[in-house]
Each structure stands twice: as structure tokens, then as C-alpha cells.
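Before any comments, here is the structure.
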Amino acid sequence: MSPPSTLLLTGGAGFIGSHACVELLDHGYELIVVDNYSNSTPHVFARVERIAGRFVGAVYELDIRDRRALSAVFDRHSVDAVVHFAAHKAVSASTRMPIEYYDTNIGGTTSLLRAMHEHGVHQLVFSSTASVYGDAGHGPLNEATPARPANPYAASKWLCEQILADACHRHPEFTVLALRYFNPVGAHPSGLLGEDPSGTPDNLMPCLAQVAIGRRHRLRVFGNDYATPDGTAIRDYIHVMDAVDAHRVALDHLADSPGMHTYNLGLGKGRSVLEVVSAFSAASGAPVPYDIAPRRPGDVPEQVADASAVERAWGWRPTRGLADMCVDAWRFQQLNPHGYAGTARRADG
Ligand code: NAD
């Protein structure tokens with residue numbers, strides 16, 4: 001089977017999706033993007049096009065749970081493969097709004113799978129997450145580590161993985177590569193694309209950047225009484241440019257063998273919250289002020305990837321470290337103190 005050339009990207013206006021658009025346009029892919037802009041803006045496409053020097057392609061504003069609208073997109077375009085980013089992703093919001101999270105993340109995935117199957121499209125790269133491992137204790141987590149999702153967001157992604165595995169089992173024409181990201185952060189080196197969450201950010205790096213630029217007074221560090229060396233939670237981080245590079249490489253491997261294959265994407269190195277605060281302070285040239293707050297429900301003490309499986313399978317590994325992640329995130333924040341607000345729309349948008 002020849003490698004895919006026309007891709008449908010769900011959630012392509014989001015943080016990771018927009019960086020993926022650049023990466024995939026740079027590598028000659030034709031793109032069809034669908035997004036409901038529930039956590040993004042169509043303005044991002046003008047920037048994607050500026051970097052890539054090409055039109056993004058067909059862009060549709062739709063909710064992927066709307067099966068009729070999604071099916072019409074497949075009717076209209078000859079899609080070779082799908083990269084499925086669209087989802088709600090905030091752990092703390094998922095504990096407050098579990099039904100919304102299950103509906104969007106699981107309902108969106110089943111709607112997409114049905115549309116794909118009905119249109120003879122069977123190659124999918126799926127955005128999964130390290131949170132499926134939950135509180136699995138100390139030490140690197142490999143793909144065989146039993147899942148113990150600790151919040152509705154993680155449970156929704158774990159259920160999606162089960163649904164995808166069942167679909168592959170029942171319909172052997174499906175190939176699914178599920179990539180479990182360990183905290184993608186950073187930004188495109190141009191400073192034109194980055195993470196611009198609506199409302200209060202749930203994740204550490206955008207919070208740090210917003211405090212450093214003066215949009216927020218102080219960072220809240222959730223918990224300093226974990227059983228870790230400095231008491232703060234430990235995570236593995238991956239630069240968003242490495243994460244999207246892994247997607248490009250994944251597309252080359254969709255035809256390797258049918259069925260579902262799952263890979264961790266991380267550096268394989270754990271960093272505490274205070275280590276990241278210190279690395280960001282070094283990147284921004286000033287200490288980021290913080291307060292210690294109580295632990296958040298649904299958070300776990302430590303998650304570090306065993307990132308060796310993807311290297312064995314594809315000879316791929318991330319190349320950027322924590323300092324690059326902080327420097328690039330800070331550049332985006334400096335150049336865009338209010339995120340994408342005020343950005344011009346693309347000419348035909
Ligand atoms: P994001 O919120 O920036 O992007 C998600 C995009 O999906 C947004 O543009 C949003 O508007 C869109 N979307 C949401 N629901 C939709 C729906 N029903 N129909 C159409 N579009 C919809 O998030 P991101 O950080 O780019 O994450 C992308 C994927 O990666 C998600 O599936 C997320 O679960 C996964 N992931 C992210 C992280 C992270 O830390 N950023 C970590 C692990 C996994």
C-alpha cells in the first residue's frame with residue numbers, strides 16, 4: 001500500500017493540530033481540517049500558511065459528533081488517512097464535567113470511526129495520552145504497563161483506545177497508531193504558533209508563560225507533599241515540534257502491519273514542577289513567582305515514559321530538551337502576549 005497523501009485532521013486548529021498542519025504541509029501532504037473551535041480559533045490558519053508558504057487546504061467548521069456533517073466531508077474528499085486530535089483535554093475540567101468529556105471524546109471518536117469505515121478509510125493516527133497510566137507508581141512506564149486512569153479525561157482516552165482496538169479486531173482492514181503523549185509543550189520556533197488555551201490554562205507551561213508575561217500574578221504549584229525528591233509532581237515533557245514530527249513518521253509506518261499499535265511519546269526523563277519553573281525562569285531571564293497550593297483532584301505524583309518502543313519500531317526519538325521547550329514557549333508568549341487574539345483571518349477564511 002502506498003503511503004497516504006491526503007489527510008483529514010480533526011482538531012487541526014488546536015495546539016498540537018496547528019503545529020502538525022505546518023509539519024505535514026512542509027512534507028507535501030494535502031490536508032482537510034475539521035474543527036469546531038471549542039478550544040481554538042480559525043485565525044491560526046493564517047499563521048500556519050505564513051510559515052508553510054502554502055494554503056492549509058479545505059477547512060470545515062464542524063463538530064465531529066455531527067455524523068451527517070462529517071460524512072459530507074468524506075463524501076467530498078478522497079481521504080487516505082486520518083489524524084485524530086479533536087478532544088477535550090483538561091484533567092481538572094473533566095472532573096467537573098465528566099459527561100461533556102465522555103460525550104466529546106468518545107462520541108467524537110465513534111462518529112469518526114463510523115464515517116471512516118463507511119467511506120473505506122481505515123488508517124488512523126490517534127492522540128492518546130500518558131494519563132491513561134494514572135498512578136502507576138515510580139519508574140518508567142512502558143506501553144504494557146496496566147492502565148489506571150485517574151480522572152474522566154484519562155478514562156475517556158483509555159475507552160477510546162479500547163474502542164479502536166475492538167474496531168481493529170472486528171475489521172482487520174483498520175490500522176491504528178495510538179500515540180500516548182507525555183506533556184507536549186513548547187512552540188514553533190518562529191514564535192507564530194504556540195499554546196493559547198481559552199480561559200485559565202490547566203497545564204504548567206502556559207501558566208508559567210502567562211505569569212512571566214504579567215497576565216497572571218503568580219503560578220500555583222499544586223502539591224509539594226508528593227513522595228518525590230522536592231515534593232512536587234514529576235512529569236515527562238516532549239517538545240510539540242518533536243511530537244508532530246513523530247506523527248509525520250507514524251504516517252510512513254501505517255502500512256507496516258494492520259491492527260492497533262500503541263507508542264509512548266516522551267523524552268524518558270522526569271522533571272518536577274519546580275525543575276520546570278527553574279528552567280522557564282532561566283529561559284525568560286527572571287524568576288517566576290509561585291505559591292504552593294493543595295493537590296488537584298485527578299493528579300498523580302509521577303509519570304515518566306519508557307520511550308524505547310517507538311525508537312525500536314521506527315528508529316525515531318525526540319531531539320529537543322527542556323531548555324528548548326521553555327525558550328520556544330517563552331518566545332511565543334512574548335510575541336503574542338494575548339495569544340491569538342487580534343490575529344487576522346486567512347484570506348478565504
Ligand atoms: P487543543 O484543545 O488545543 O486542540 C483540540 C482541538 O480539537 C481544538 O482545536 C478544539 O477546538 C477541537 N475540538 C474539540 N472538540 C471538538 C469536536 N467535538 N469537534 C471538532 N473539533 C473539536 O488540544 P491539544 O493540546 O492540541 O491536544 C490535541 C490532542 O492531543 C487531544 O486529543 C488531547 O487529548 C491529546 N493530548 C494532549 C496533551 C497536551 O498536553 N496538550 C497531552 C496528551 C494528549
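Under a hydrophobic-cluster definition in which Ile, Leu, Val, Met, Phe, Trp and Tyr are linked whenever side-chain heavy atoms come within less than 4.5 Å, directly or via other members, Val244 and Leu265 are assigned to the same cluster. Tracing side-chain contacts under 4.5 Å through hydrophobic residues (I, L, V, M, F, W, Y), one never reaches Ile238 starting from Trp330; they form parts of separate clusters.
Within 6.0 Å of the NE2 atom in His171, the count of heavy atoms belonging to other residues, nucleotides or ligands exceeds 12. Within a 6.0 Å sphere centred on CZ of Arg220, heavy atoms belonging to other residues, nucleotides or ligands number 12 at most. Within 6.0 Å of the NE2 atom in His27, the count of heavy atoms belonging to other residues, nucleotides or ligands exceeds 12.
Residues His188 and Phe332 are not in side-chain contact: their nearest non-hydrogen atoms beyond the backbone lie 4.5 Å or more apart.
For the residue pair Trp314 / Asp256, no side-chain donor-acceptor distance below 3.5 Å is found, with atom types taken as modelled.
Within the structure, every pair that satisfies the salt bridge (Lys or Arg N to Asp or Glu O under 4.0 Å) test and touches residues 160-183, not counting sequence neighbours, is listed here: Glu161-Arg180.
In this structure, His88 and Tyr101 have tilted ring planes: the angle between them lies in the 30° to 60° band.
From Glu49, atom CD reaches atom SG of Cys21 across 9.5 Å, with rounding to the nearest 0.5 Å.
The side chain to side chain contact (heavy atoms under 4.5 Å, CB included) with Leu31 is formed by just one residue from the set Val48, Leu24, Val83; it is Leu24. Screening Arg295, Arg148, Arg235 for a side chain to side chain contact (heavy atoms under 4.5 Å, CB included) involving Val300 leaves a single residue, Arg235.
Scanning for side chain to side chain donor-acceptor pair (under 3.5 Å) contacts around Asp26 gives an empty result, with sequence neighbours left out.
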Under 3.5 Å, which donor-acceptor pairs do the side chains of residues 278-294 form with other protein atoms, sequence neighbours left out?
from: Ser281; atom 1: OG; to: Val277; atom 2: O; distance (Å): 2.8
from: Ser281; atom 1: OG; to: Val288; atom 2: N; distance (Å): 3.1
from: Ser284; atom 1: OG; to: Phe280; atom 2: O; distance (Å): 3.1
from: Ser284; atom 1: OG; to: Ser281; atom 2: O; distance (Å): 3.4
from: Ser284; atom 1: OG; to: Ala286; atom 2: O; distance (Å): 3.3
from: Asp291; atom 1: OD1; to: Arg218; atom 2: NE; distance (Å): 2.9
from: Asp291; atom 1: OD1; to: Arg218; atom 2: NH2; distance (Å): 3.3
from: Asp291; atom 1: OD2; to: Arg218; atom 2: NE; distance (Å): 3.1

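Lys89 and Glu195 are joined by a salt bridge, as a carboxylate oxygen and a charged side-chain nitrogen come within less than 4.0 angstrom of each other. A salt bridge links Arg54 and Glu30; the closest N-O separation between the charged side-chain nitrogens and carboxylate oxygens is under 4.0 Å.
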